[in-house]
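This report refers to the structure that appears directly beneath it.
Below, chain A is the first sequence line, B the second, and so on; all start at residue 1. Just the heavy atoms: all of them, side chains too, but no hydrogens, waters or symmetry mates, feed the values below.
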Protein chains: 2
Amino acid sequence: MQKKDRRIPEETVRRLSLYLRTLRFMENKGVQVISSERLTKHLNITGAQARKDLTYFGSFGQPGVGYNVNRLRKKIEEILGLDHSWNVILVGCGKLGAALLAYPGFRRFGFRITAAFDNNPDKVGRTIGKVPIITDQKMEEFIRKNDVKVAIITAPAEAAQEIARRLAESGISAILNFAPRYLVIPEKIQIKSVDMAMELESLVYYLKNH
Amino acid sequence: MQKKDRRIPEETVRRLSLYLRTLRFMENKGVQVISSERLTKHLNITGAQARKDLTYFGSFGQPGVGYNVNRLRKKIEEILGLDHSWNVILVGCGKLGAALLAYPGFRRFGFRITAAFDNNPDKVGRTIGKVPIITDQKMEEFIRKNDVKVAIITAPAEAAQEIARRLAESGISAILNFAPRYLVIPEKIQIKSVDMAMELESLVYYLKNH
DNA sequence: TGATGTGAATAACTTCACAGCG
DNA sequence: CGCTGTGAAGTTATTCACATCA
């Protein structure tokens, strides 16, 4: 997919996701062609930036015209690996876990949460939004049997490291972590952490200094 | 706080938050002094980077020794504006909103969610984790009366823009947005958006390409 | 000796500016 | 004519390397 051995800036990948959101919105509205300027108008990104981002992966536009919305949407989905669906599991069925299980945004775009795990016997056996809650003792087995590659951790901070270790050992390749803890995992596993208190912390900094 | 007119990289502010997490952890464990290398060991950040980040704001370390954990923790809290507590409101009491209301991480570090708003009469009047749910018609009034400066949006995407507009008009200075929509707001208002589907999207990209 | 603080060097990212093409 | 694609220029961020000080 990616051109030669050029390194892709991490920010470029993140922006691709943003373009995708706009493209889906536009496609829904029936827009067929879009310029780089219009694509980025409401994203605090310049048109030049979008063009540069896209050329890391190929030439998808038509000079003098713009980008075909449907084609570019599909291209970006292909680049990101969203052209097929992903089996995802979620570990930790507290309030945040339950909220994510019910979140429509995942399912809509190719992420299918197939099972949730918890160590609380009261929760095991129930379902949240059609997703069954399974005892965490069966987690490894489930991962192997169903070839799961992506996991979301919504367990308490104290439990997160041990869960991550077990996930890594069972063959998970990517983790989205919501526990406010740095997780030590093998290099080859992709991880991204979302720490909501941290987001607020950097936000208020700018309150003082602007 | 900030030295002269030097511009602070956005990433520096974000890292400050990370250092803070480590420092709090270390302080709890009774560690009194820490080197830049140890501070960043589990953060994928180099010691040099941390030292550079910190010198934007002053000289807090002792050559040959390191940083006093307690002193540096307080300094960073002061830099970020966490040396006093912030009144925060939350708008949209769906599952995610409810999860955040119950999230202990906010309260622990100086963020006090004082009220939640919703337009659903069935929810209004109830409380979630001691936070009262108020009709969104009284939102503006509440913000003004209580001098609220920070708001969290956990409403559906369709409603987010209108809510943001109303928040902006009532004098809110910072918004943490969980709705997957770009929000148009006055320049002077700080905004940070967390889009969980987007996080997953960029995560799976690296699955394909590493 | 050991770790900070910091200019200088390097690397990474973004913007500019325009040739080229439909 | 308008907009893409892209080298070149400009800007910003990170790493290096070492003087300095306890």
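- Y56(B) has no side-chain polar atom (N or O) that falls below the 4.0 Å cut-off from OP1 or OP2 of dT14(D).
- Distance E37(B) CD to dG5(C) C1': 14 Å, rounded to the nearest Å.
- Look at OH on Y19(B): it is 12 Å from P on dT4(C), rounded to the nearest Å.
- Contact between the side-chain N/O atoms of Y67(A) and the OP1/OP2 oxygens of dG5(D) is found at a separation under 4.0 Å.
- Comparing dC13(C), dT6(D), dC16(D) by their closest approach to the side chain of A48(B) singles out dC16(D).
- Protein atom CG of N68(A) is 15 Å distant from nucleotide atom C1' of dC3(D), rounded to whole Å.
- When the P atom of dT15(C) is taken as reference, atom CD1 of I45(A) falls 10 Å away, rounded to whole Å.
- Rounding to whole angstrom units, CD1 of residue I8(B) and C1' of dT12(D) are separated by 13 Å.
- For the residue pair T114(B)/N87(B), the side-chain donor-acceptor check at 3.5 Å is not satisfied.
- The nearest whole Å value for the distance from the CZ atom in R38(A) to the C1' atom in dT4(D) is 17 Å.
- At a threshold of 4.0 Å, the pair D136(B)-R166(B) counts as salt-bridged, since one of the basic side-chain nitrogens sits closer than that to a carboxylate oxygen.
- Nearest approach of K208(B) to G81(A), heavy atoms of both residues: CD-CA, 3.3 Å.
- A side-chain N or O of S17(A) and one of E201(B) form a donor-acceptor pair less than 3.5 Å apart.
- Using a 4.5 Å heavy-atom threshold, the side chains of F117(A) and L90(A) count as separate.
- Here I79(A) contributes atom CD1 and F57(A) contributes atom CZ; the two are 5.0 Å apart, rounded to the nearest 0.5 Å.
- In this structure, the CG atom of N44(A) is 11 Å from the P atom of dT15(C), given to the nearest Å.
- OP1 or OP2 of dT4(D) lies within a sub-4.0 Å distance of a side-chain N or O belonging to S36(A).
- Mapping D53(A) and L54(B) onto DNA chain C by nearest heavy atom places L54(B) closer to the 5' end of the strand.
- At least one side-chain nitrogen or oxygen of R15(A) sits closer than 4.0 Å to the OP1 or OP2 atom of dT14(C).
- Looking at R14(B) and E10(B), no side-chain N of the basic residue comes within less than 4.0 Å of a carboxylate O on the acidic one, giving no salt bridge.
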With 3.5 Å as the limit, what N/O pairs link the protein to nucleotides 20-22 of chain C?
residue	atom	partner	partner atom	Å
dG22(C)	O3'	Q62(A)	NE2	3.1

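- Checking the phosphate oxygens (OP1, OP2) of dA3(C), no side-chain nitrogen or oxygen of S35(B) falls inside 4.0 Å.
- For the OP1/OP2 pair of dT14(D) and a distance below 4.0 Å, the side-chain nitrogens and oxygens of R51(B) include no atom meeting the criterion.
- When the side-chain nitrogen and oxygen atoms of Q49(A) are compared with OP1 and OP2 of dT15(C), one or more of them lie within a distance under 4.0 Å.
- Whole-Å rounding puts the K52(B) NZ to dT10(C) C1' distance at 12 Å.
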